[in-house]
Amino acid sequence: MKFKSRKDILFFSVFYGFISFFIGMFILDITNNGLEKDNGIVYLVILAVLVLLIWMYHGTTYELTENYLKYKSGPISGKIELHKITKIIQQKTLWIGLKPATAKNGLIIMYEKYNKLYISPKTNETFLKQIVKLNNKIEIE
């Protein structure tokens with residue numbers, strides 16, 4: 001079963017803030033200096049960051065299969081074996097670590113001994129019901 005990522009106002013603001021800032025810088029530089037060859041690398045880096053942000057914003061998904069939780073957020077992707085998941089913490093935000101997510105108050109997936117993954121499915125409840133069906137040994141906190 002596939003789940004899209006929830007998008008909250010903070011990520012939305014940061015996303016469109018960066019895009020507006022980069023586009024504004026580009027327009028301001030062109031109007032003041034014209035298109036100079038020296039700025040080509042700068043424009044390329046800005047374009048790469050914009051593409052990355054758009055990819056992450058629209059391409060963050062999670063999938064539960066019989067044996068795996070698969071996640072994808074732009075170039076970040078991976079999978080966790082369901083039997084290795086020990087606990088899921090609800091309504092908290094992981095500020096440090098692997099975060100293929102686009103919203104706060106998601107789910108912290110604890111797996112193996114010390115590993116954590118933060119995700120933000122569109123509805124936490126639906127995701128939790130589905131993952132517990134696949135592995136009823138997961139502790140929900």
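This structure is a prediction, so every number in the text was calculated from the model and none was measured. Here, residue 1 is the first one in the sequence, and each next residue gets the next number.
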Are any of the side-chain heavy atoms of [X] and [Y] separated by less than 4.5 Å?
X	Y	result
Leu117	Pro100	yes
Gln130	Phe3	yes
Thr102	Met56	no
Ile85	Leu82	yes
Ile138	Leu128	no
Leu50	Phe18	no

(message) Taking Thr61's backbone N and O only, do any of them form a donor-acceptor pair with Ser5's side chain (distance below 3.5 Å, no angle check)?
(response)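 No; zero donor-acceptor contacts below 3.5 Å.
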(request) Mark yes or no for whether Ser73, through its side chain, and Ile76, through its backbone, hold a donor-acceptor pair below 3.5 Å. (result)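 The answer is no, because no donor-acceptor pair under 3.5 Å joins these two groups.
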Heavy-atom closest pair, residues [X] and [Y]:
X	Y	result
Pro75	Leu52	CD-CD1, 3.4 Å
Tyr62	Ala101	OH-CA, 3.5 Å
Tyr71	Lys79	CE2-N, 3.9 Å
Asn135	His83	ND2-CA, 3.7 Å

(message) Taking atom NZ as the centre, does Lys72 end up with more than 12 heavy-atom neighbours from other residues, nucleotides or ligands that are less than 6.0 angstrom away?
(response)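 Check fails, neighbour count at 12 or below.
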(request) Assign the ring pair Phe12 / Tyr57 to parallel, tilted or perpendicular, where the plane angle (0 to 90°) is split at 30° and 60°. (result) tilted
(message) I need the Leu134 CG to Leu64 CG distance, nearest 0.5 Å.
(response)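 Nearest 0.5 Å value for the CG-CG distance: 6.0 Å.
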Show the atom names and distances, to 0.1 Å, of all donor-acceptor pairs under 3.5 Å that link a side chain in residues 103-114 to residues at least two apart or in another chain.
{"from": "Glu112", "atom 1": "OE1", "to": "Asn115", "atom 2": "ND2", "distance (Å)": "2.5"}
{"from": "Glu112", "atom 1": "OE2", "to": "Lys84", "atom 2": "NZ", "distance (Å)": "3.4"}

